Every structure is written in structure tokens, then in C-alpha cells.
**Q** 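Here it is, the structure, as C-alpha cells.
Source: prediction; values computed, not measured.
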Amino acid sequence: NNTHRLKAYEDYFIEVLLTCTVPSKTTIEHEYASIVFTLDGLRHPLLRGVLAEPSTGSSTFEILLEEYSTVRQTLIESVFANLAERLQDNIDPVNHKYLGFLVSMLSAMRDNYESLLSGEERVTYAEFCRKVFQALLSRKPLASQPRLSELIQWGKTTMARAGDDDGDQPMEN
């Protein structure tokens, strides 16, 4: 039964989806997001309220490459909001696994940032990273998670430094 098999992989797909939101250059991530959104129907607890609408008259999501940068920002913010809300109730052991997804995502973001050699690419990507960290820090239940503290610390330090290069404001908090 495909549905059963899909359920088994569902969380893995979602974790990969989150990691796909943070590359410095997007290539086919929008296609993967379209597939996951379509298969899941945005029913996964972390995907609730993601703004993307299926194409008119169908249940298929088609996210275009040129709209992916907006979609990914919305996706990240929705996931943060959903997980923060779940952590306030703080009863479901699955939240521990979902926090692990955030660790994977933010670790990938850090690795991507640190692998960029050109200053210009770094400045552009730092702007994206800063938005992600600001969204994260605005959610107290996430900002206070011990499992995220090392990555948050990296974000604060690096983004404050990156802010010095391009005249942008350093991160608050």
C-alpha cells in the first residue's frame, strides 16, 4: 500500500524539504517542494498554514523557480510558527524529532554559508540567513531550545559580522 509506505517516509521527506529551503543557489528545489506539497496536501503538522495554493481546479501544487524564494521564506516561517506552537503544549514526543529537522536545516544553512568563497555571494546569502534567524528568534519557544543554542549562537555572531560588511543592521537579541 503506497499510502502506508508514504507515511513511513513522510517525516523524512519533510526533513529533506526543510534542508532544501536553505541552499545559496536554488536549482530544482521548487520541484521537490511542489511534489511534497502535492503528496502531503499540506496536512503535515509542520506544513499547516503554508500559503501556497494548489493550481486552479486541482490538488497539484506547482511552484515556479522564480516564486520559490518567496515560497521558501513563507515555508520556513510557517514551520517555525507551527513548531513553536507545538512546543508550548510541550506534550508530544514527536516534537523532539521535529526539532531535529530544524537542527538539520540550520546546520545545512551554516555549511552552505561557510562554503561560499565569493564575498558578494556571502553578502546575498547572509541576507537570507539573517531573515531565517530573525524569524527563529521571534519565536520564544524555539529561541530558548537548548538543541538549537549552538546554531543560534553561530547565527548571531556570523550575521552580526556579515552585517558589518554591507552596512546592514546587526541582528537584535
Side-chain angles (χ1 to χ4, degrees), residues 11 13-26 29-30 32-33 36-37 40 42-53 61 63 66-116 121-173:
D11 280 334
F13 291 146
I14 302 296
E15 183 172 15
V16 171
L17 175 71
L18 290 183
T19 309
C20 279
T21 61
V22 297
S24 53
K25 283 197 175 70
T26 50
E29 291 79 6
H30 63 289
Y32 182 73
V36 173
F37 286 5
D40 180 68
L42 300 183
R43 283 184 298 269
H44 190 281
L46 293 184
L47 297 186
R48 299 218 169 102
V50 174
L51 292 180
E53 288 291 319
F61 287 85
I63 299 159
E66 51 271 23
E67 59 187 5
Y68 186 66
S69 63
T70 312
V71 170
R72 76 174 178 173
Q73 195 67 43
T74 307
L75 171 63
I76 291 167
E77 288 172 15
S78 300
V79 166
F80 288 173
N82 289 330
L83 185 53
E85 198 177 307
R86 292 179 63 88
L87 288 168
Q88 279 173 325
D89 305 336
N90 206 9
I91 40 173
D92 196 337
V94 80
N95 290 345
H96 189 72
K97 178 167 54 170
Y98 293 163
L99 269 173
F101 295 180
L102 260 56
V103 171
S104 300
M105 179 188 120
L106 296 170
S107 301
M109 194 167 76
R110 179 186 59 196
D111 297 346
N112 292 340
Y113 180 82
E114 290 180 347
S115 70
L116 291 173
E121 281 181 331
R122 271 198 167 191
V123 168
T124 308
Y125 191 58
E127 201 175 304
F128 166 72
C129 295
R130 195 176 295 115
K131 282 184 189 162
V132 171
F133 277 107
Q134 281 169 339
L136 179 71
L137 293 170
S138 72
R139 307 278 173 188
K140 292 289 176 272
L142 295 179
S144 60
Q145 281 300 317
R147 285 179 71 190
L148 299 177
S149 61
E150 188 188 320
L151 286 157
I152 287 173
Q153 200 44 58
W154 172 84
K156 284 179 178 175
T157 333
T158 310
M159 293 310 114
R161 251 200 336 264
D164 296 341
D165 304 340
D166 58 11
D168 206 338
Q169 295 303 304
M171 283 184 51
E172 303 301 316
N173 233 358

**Q** Testing F101, F13, F37, Y98 one by one against H44 for a ring pair (Phe, Tyr, Trp, His ring centres under 6.0 Å), which residue passes?
**A**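 Exactly one pass, corresponding to Y98.
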**Q** Does the pair L151 and R110 meet the rule for a side-chain contact (heavy atoms from CB on, under 4.5 Å), with working shown?
**A** CA-CA 8 Å; L151 286 157; R110 179 186 59 196; 3.6 Å; yes
**Q** Please list, one pair per line, the donor and acceptor atoms closer than 3.5 Å that link side chains of residues 14-21 to other protein atoms, with sequence neighbours excluded.
**A**
| from | atom 1 | to | atom 2 | distance (Å) |
| --- | --- | --- | --- | --- |
| E15 | OE2 | S104 | OG | 2.6 |
| T19 | OG1 | E15 | O | 3.0 |
| T21 | OG1 | L18 | O | 2.5 |

**Q** Shortest non-hydrogen contact from L46 to L83?
**A**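 That closest heavy-atom pairing would be CD2-CB, 4.0 Å.
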**Q** Any side-chain heavy-atom pair from L87 and R139 closer than 4.5 angstrom?
**A**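 No, every pair of side-chain atoms sits at 4.5 Å or beyond.
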**Q** When you look at L106 and L136, which way does the side-chain contact (heavy atoms from CB on, under 4.5 Å) test go after all the steps?
**A** CA-CA 10 Å; L106 296 170; L136 179 71; 3.9 Å; yes
**Q** Please examine the side chains of P23 and R72, heavy atoms only from C-beta on, and report whether any two atoms are closer than 4.5 Å.
**A**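 A side-chain contact under 4.5 Å exists here.
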**Q** State, to 0.1 Å, how close S24 and L116 come at their nearest heavy-atom pair, and which atoms those are.
**A**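 Heavy atoms of S24 and L116 come nearest at OG-CD2, 3.6 Å.
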**Q** For residues Q73 and K131, report the shortest heavy-atom separation together with the two atoms involved.
**A**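 The answer is NE2-CB, 3.5 Å.
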**Q** Under 6.0 Å from the CD atom of E85, do we count more than 12 heavy atoms belonging to anything else shown?
**A**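 Open: at most 12 neighbouring heavy atoms sit under 6.0 Å from CD of E85.
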**Q** Considering non-hydrogen atoms only, spot the tightest contact between C129 and M109 and give its length.
**A**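 It is SG-CG, 3.6 Å.
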**Q** Distance from I152 atom CD1 to M159 atom CE, nearest 0.5 Å?
**A**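 Reported to 0.5 Å precision, the distance equals 13.0 Å.
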**Q** Side chains of R86 and N95: any donor to acceptor distance under 3.5 Å?
**A**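 Indeed, the side chains of N95 and R86 share at least one donor-acceptor pair under 3.5 Å.
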**Q** Check for a donor-acceptor pair, side chain of R48 on one end and backbone N or O of R43 on the other, with a separation under 3.5 Å.
**A**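 Yes, R48 side chain to R43 backbone: donor-acceptor pair under 3.5 Å.
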**Q** Compare all side-chain heavy atoms of V79 with those of L102 and state whether any distance is below 4.5 angstrom.
**A**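 V79 vs L102: side chains touch.
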**Q** What is the distance from atom CG of L137 to atom CZ of R130, rounded to the nearest 0.5 Å?
**A**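 If we round to the nearest 0.5 Å, L137:CG and R130:CZ are 12.5 Å apart.
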**Q** Quick one: does R122's side chain have a donor or acceptor within less than 3.5 Å of a partner on S115's backbone?
**A**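 No; judged by distance alone, with no hydrogens or angles, the pair does not exist.
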**Q** Please determine whether the number of non-hydrogen atoms from other residues, nucleotides or ligands lying under 6.0 Å from atom CD of E121 exceeds 12.
**A**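 Atom CD in E121 is packed in, count exceeds 12.
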**Q** Any side-chain heavy-atom pair from Y113 and F128 closer than 4.5 angstrom?
**A**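 No, too far: nothing below the 4.5 Å cut-off.
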**Q** Show, in sequence, the C-alpha distance, side-chain angles and deciding distance for Y125 and V22, and conclude whether the side-chain contact (heavy atoms from CB on, under 4.5 Å) test is met.
**A** CA-CA 9 Å; Y125 191 58; V22 297; 3.8 Å; yes
**Q** Can you name the nearest heavy-atom pair linking E77 to A135, along with the distance?
**A**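 What the structure gives for the nearest pair is CG-CB, 3.8 Å.
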**Q** Would the distance check show the side chain of T158 and the main-chain N or O of G155 forming a donor-acceptor pair, the cut-off being under 3.5 Å?
**A**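 Answer holds: no.
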**Q** Could you report the tightest heavy-atom contact between I63 and V71, atom names first, then the distance?
**A**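 For I63 and V71, the tightest heavy-atom pair comes out as CG2-CG2, 3.9 Å.
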**Q** Report the distance from atom CD of E67 to atom NE2 of H30, rounding to the nearest 0.5 Å.
**A**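 So the gap between those two atoms works out to 9.0 Å.
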**Q** Between V36 and F61, does the side-chain contact (heavy atoms from CB on, under 4.5 Å) criterion hold? Intermediate values first, please.
**A** CA-CA 9 Å; V36 173; F61 287 85; over 6 Å; no
